[in-house]
Structure formats: C-alpha cells, structure tokens
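Numbered from 1 within each chain, the chains take letters A, B, ... in sequence-line order.
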Number of protein chains: 2
Amino acid sequence: MLDVRRLALLAAVVDTGSMTAAAEQLGYTASAVSQQLRRLEVEAGQPLLHRQARGVRPTEAGALLAGHARHILRRLNAAEADLAELAGLRRGTIALGVFPTVASALLPQVVSRFRRQYPDLRLDVRSTRFDELVELLENGTVGIALLWDYAWNRVDVPDISLTPLLDDPTVLVVAADHRLARKRFTTMSELAGEEWIVRAHDHPVAEVLERSCRAAGFTPKIAFQANDYQEAQAMVSVGLGVALAPRTAVRNPNPDVRVLALGTDVPARRILLAHRQDRLRAPAELAMHQLLVDVAREYQTKP
Amino acid sequence: MLDVRRLALLAAVVDTGSMTAAAEQLGYTASAVSQQLRRLEVEAGQPLLHRQARGVRPTEAGALLAGHARHILRRLNAAEADLAELAGLRRGTIALGVFPTVASALLPQVVSRFRRQYPDLRLDVRSTRFDELVELLENGTVGIALLWDYAWNRVDVPDISLTPLLDDPTVLVVAADHRLARKRFTTMSELAGEEWIVRAHDHPVAEVLERSCRAAGFTPKIAFQANDYQEAQAMVSVGLGVALAPRTAVRNPNPDVRVLALGTDVPARRILLAHRQDRLRAPAELAMHQLLVDVAREYQTKP
DNA sequence: ATGCCCGTGAAGTATTGCTTCACGCTCACA
DNA sequence: TGTGAGCGTGAAGCAATACTTCACGGGCAT
C-alpha cells in the first residue's frame, strides 16, 4: 500500500514546485522531503519528479499520483472534521436508558434542557427494567443508564462505573380523607394499624415496607398488590389502604391522595448514573453525564 | 493527520466484526491490531469500537471513520492501479526528440512499430537541432533523444547516458549522368577534380569533406552551399557538383542522382540514443528505448 | 468443569522517519 | 569572473514506533 504521508508530501511538492518550499510548509527539513520522495519513487517503480535547476516538476506518474493524493487528503480532512463535530457536540447521538418512575419525574426536565443546550445532538431514550438496562449498557446500546438501589442491596456490576445522583426518600401515600391527610410528616410507628397497598412481583418497595414495619415493631397487613404506582395511588385514594412509594414516583400525585414525609429511618431509594468504565467516552456521552448530574443536584435542592 | 494504515485496520475490523479476523486478513497479529486501534481511538479522542464478548461493533464515530477509510482505500487502490497501468504500458506518454535526417529515414519505421506494439501509449515526437535536443532532454521535456556525432567530436553531456545505435556511413551523391554514376563504390582519391556541394552554416558534413579531401591529398572546390540535403541533391542532379551525405539523409534519393558508397576511411556519422541517467526511468521510456535499439539493429543489417 | 476464541498487556526488537551536517550544482548579481 | 544564495542530495546518528512474542483474563460452547 502506498504511504499516504509520502503522497501528501508529493502533493505539496507538486503544488509548490519545490521540495524546500514543501518542506517548510509542512515543517520538515528539505532532506527529509527529498528522502521520502525518493522512497516513493522506488515504491512507484518510476520517477515522479523531474529534477530541474530551479525546483522540480512532476512527471506524468507524479502528476497522476499527486491528483490522487489531493483527493485522499480531502477525505482525511473530512474525517477529521467529522470527529471534531462529534467532539464539539455539533453532531452525534446519545442513547440513554431509564426506568419508568424516573422517566416520568426527572426526564422531562432532562430532555428539554438537553434539547436546548445541544440542539444538534440526537437523543434516544429507552425506558425498561433494571436488568435489561444493565444489559443495554454492557452491549453498548445505551451509553448511559439511570439505575437505582437500596442500602441493603447496592448495585455492583463489573466494569460499570456508578455515580449517585440523588436520594429518593420513601414517602407515605394516604387518601385525602385519611386521618393523617392534614399532616406533612409522620413516622412508621403511627401506622401500625393500617392496611397496606404494595407493588406486585416482589417489587423492592415491598421490602422497604417489610423492613420499616419490622423496625417499628409490627407486621404490615397487605390489602392489595398494584402493578404500578398509578394503580397503587388509585387504591389508596378510595381508602383501601395506605402505601409507601419513592417520592419521585408520586411527584404528580393523584388529586385524591396526600403525600407525607417519613423519617430518615425509612430506607431511601438511591438513583445512580451508570456507564461502562471505558477510558475513552464519547463526547455526547460526557455532555449527557454532566447534564444529568446538574439536573439531579437541582432536583435534590428544590424538589 | 489521522494515520491511514490505522484507518484501514479499522475498516477491516468493522467489516469482519472482529479484530482477530481483521488481523488474520491483513497479516498481523491480533495484538498489533488491538494496539493500533487503541491508538486510533486516542487520536480520535473517542471510542471507535464497542468491545463485546464476541468480537467488536463500531461506535458512531467508528462507523463514520470506517466509511471515510473505505473511500480513502478505494482511492489508494486506484492510484496503485494507475501506476500499474503505466508500468504495464497500458497507459502513458513517451516524448522523443529527433533531428531532421533521422526523422525522415528511421522514424516512420519506429512510429509504426511503436503504434502496433503499444497501442495504448501516447507518442510525442519533436524534431529539432542538436543543442535544443540536449536542452529538451535535460529539462525532461523529452525522455529520449536521438543524437549524432563524428569521431573527432564525440558528444559528451554530463548526466546524459548514451547508447550508440548505428553507424551512418558517408556516401557520395552524383548526378545520374555523372561519369561515376554507374559505379556502386568509389574512393576520395577519384574525386580530386570535382566541384562540391556542401551544407551551409558550418554543417559538420563540410568538415567531413574537408578531412576526407585532405587525407586524399587535395582541397575541395566548393560550388554551392545548400540549406538541407534535399536542396543539395537538387544541385547535384543538375550537375553543379557532387556531394557527401550521411546515408540515412539520402535514403530516398532524388531520381536524378545516384548514391555511391565510399571507403571506411571517410568518417561515418554515429547515431546515438540519449537519455538522462536517472536510476529510475518511466516504463514507457524503457519500452521506447528497447524498440529504438531493435529498429536500429535491423536497419543496420539490411539498410 | 474444560477447552476455545477473543481481546489485552508488557517487554523487546527492528524498522524507519527525521535531523544535523556537509557537499555539489545552478543561477543571479556584483 | 567570481561569489553568494537557493535548491536538491547524501551519510550518519538518534529517537519514535509498529510489530512480534509470550502470557493473561473473560465469556461461550461442548
């Protein structure tokens, strides 16, 4: 394969009409240019330049090669320009994986700010379950995923780097006409007699309830197993029971329910930013990373 | 500037979907490919490949670069193909410099055979004076020139390589009704009383006459100075005198003159092939060189 | 559990691309 | 007719680097 750097040299020499001028232009010594062109001629199997008293002139083969060289150099520049566009966030795609509750609470803010800040970047969001998120992350389908965990079961995936974004405290959801509905705060020990709505399929919030009640000295009576927090709120609103939920999950609550804070003794969900720990990360990925950190910080301070 | 060899590697890897396969295809070890791609990623400032359990997959930037790489490689192949065409004499130009008398005698044969043998090559012939031929040769306008000289004044130009092609003996031209017209051969000593037609402007054939006559013991009487051999023959044909000429110059003689051989004591013109002694010569030039040698040899044996 | 395939890393080696220094040549100007 | 500037070239030496070998770790399939 012909050496492209030598071809570039040839093109410069043909353009300037002189090895010395080309050398100067490209930051080499004249000797280096002379030697490299000599080698190119050997590679080509024929002379490429007519050496004259004043400078040089391309032979037929030289002119031909110089023409090809110019095309190749243009392409190379285009490739570098493309990389610069990616690096300069004027181009590129970032795929983000999220889970449903964060999708409804945090994502609108994230998307709108991302659109505003990086109008030229494409943003793909996929919302799915925890384990599939990890899979998408591992095979590179998404560059960043938002994950969550609780203190007793910290997420730990090899080669995945985690950044805690925010603590999502557990809150109590009661019907608007519940005896505690007027309060803004309560504790688990006040709730020993309640019936409980939980999420079905061994959802982690069931374990939160389990642990919190045990700590408060009672065992919860389960009245209903809901498929999502929307359904849980509906059950709560008609007085079937009360429920625990991460605060982000009930950010826009059903009008017939009230949300009460609980003490810090009730375990809080942690929301994390996850990405594969490659030493190199795509610029768009870094941009999204920073934006998520920022949005989370703001969300944490003024929920 | 991005390294094109690394880009080629990237393209191969993206095509095959595996570093090992690409390495095998290109004759490298897998380790080399891995290292080079790592470097390319650093150059690019972003990851180009997603490493997966089975092989690799390009990132956005990787796919982009691989696309550019494919274009560049196509161009490189085209450049090499062009060189091969030049080398394979399926393309190219050869410029040949000649002087008038050889042009009329030897050239028709040369041109027709060249056309037949290398139908894809362009042939440029320039006919001019000796000193301009050397100049054209030196500045590369022609790759090969035909020159001539006499024994007492051998051509010797620095950096010009010479190959004697043929000896062009001096002949005597007489009118068809001249006393010697019936003979095929004579000597200078038979010609002491003749009047002579010579070429004007100190043409070398005048010196041939001078030296030959002196050797034969007489001084020639000059009757006319002609501008070319055509004119000289015309003067000879009407009996104004006799003339000396290189045999090639009177290859198709005027019908009213006769051509007689002279002894080897009359100096012969030598015809030479001249080219700049570059270590590398264009393939078309080499082809023409060989063809001239062949044609000259045949011409010499059966004139 | 075992072997195979794939990518990766460290170390060593050979190539090679470039610089420095010196030379020869040609042209222009004194 | 020198004489210096500009240009290309060559030998020698140095430093970068592209490759190989050898060894390792992880995932997938038998």
Write down the distance between CZ (R51(A)) and C1' (dC27(C)), rounded to a whole number of angstrom. 20 Å
Name the nucleic acid region contacted by T29(B), choosing base, sugar-phosphate or nothing; use a 4.0 angstrom heavy-atom cut-off, strictly under. base
By nearest atom, which of the nucleotides dA12(D), dT9(D), dG7(C) is closest to the T20(B) side chain? dG7(C)
When only distance counts, do a donor and an acceptor, one from the side chain of Q35(A) and one from the base of dT16(C), lie under 3.5 Å apart? no
In terms of side-chain heavy atoms of S34(A), which of dA11(C), dA12(D), dG8(D) is nearest? dG8(D)
Nearest-nucleotide wise, let me know which of A21(B) and G27(A) is further upstream toward the 5' end of DNA chain C. A21(B)
Is any NZ, NE, NH1 or NH2 atom of the basic residue among R276(B) and D159(B) found under 4.0 Å from an Asp or Glu carboxylate oxygen of the other? no
R5(B) has its side chain closest, among dG9(C), dC19(D), dC7(D), to dC19(D)
Between D120(B) and R90(B), does at least one N-O distance fall below 4.0 Å, as a salt bridge requires? no
How many angstroms lie between CZ in R6(A) and CG in L10(A), if you round to the nearest 0.5 Å? 11.5 Å
Hey, does S31(A) reach any base, or is it just sugar-phosphate, or nothing, if we go heavy atoms under 4.0 Å? base
Heavy atoms only, 4.0 Å cut-off, all strands: where does Q36(B) land among base, sugar-phosphate and nothing? sugar-phosphate
Rounding to a whole Å, what distance do you find between Y28(A):OH and dA16(D):P? 15 Å
Per R6(B) side chain, nearest of listed nucleotides dT9(D), dA18(D), dC6(C): dA18(D)
Closest of dT19(C), dT9(D), dC19(D) to the A32(B) side chain is dC19(D)
In whole Å, what is the span from the CE atom of M19(A) to the C1' atom of dG6(D)? 14 Å
L40(A) has an atom CG; how far is it from atom C1' of dT16(C), in whole Å? 15 Å
For the pair made of CD in Q52(A) and C1' in dT9(D), what is the distance, rounded to whole Å? 16 Å
How many whole angstroms separate atom CD of Q25(B) from atom P of dC6(C)? 14 Å
With the side chain of R38(B) defined as its heavy atoms from C-beta on, choose the nearest nucleotide among dC6(C), dG9(C), dT9(D). dG9(C)
What's the CG-P distance between D159(B) and dT26(C), to the nearest Å? 8 Å
Does a side-chain N-to-carboxylate-O contact under 4.0 Å join R70(B) and D15(B)? yes
Name the one of I72(B), V4(B), L2(B) that satisfies side-chain contact (heavy atoms from CB on, under 4.5 Å) with R75(A)? I72(B)
OP1, OP2 of dC6(C) versus side-chain N and O of R57(B): anything below 4.0 Å? no
note: H50(B), atom NE2; dG27(D), atom C1'; distance rounded to Å ~ 19 Å
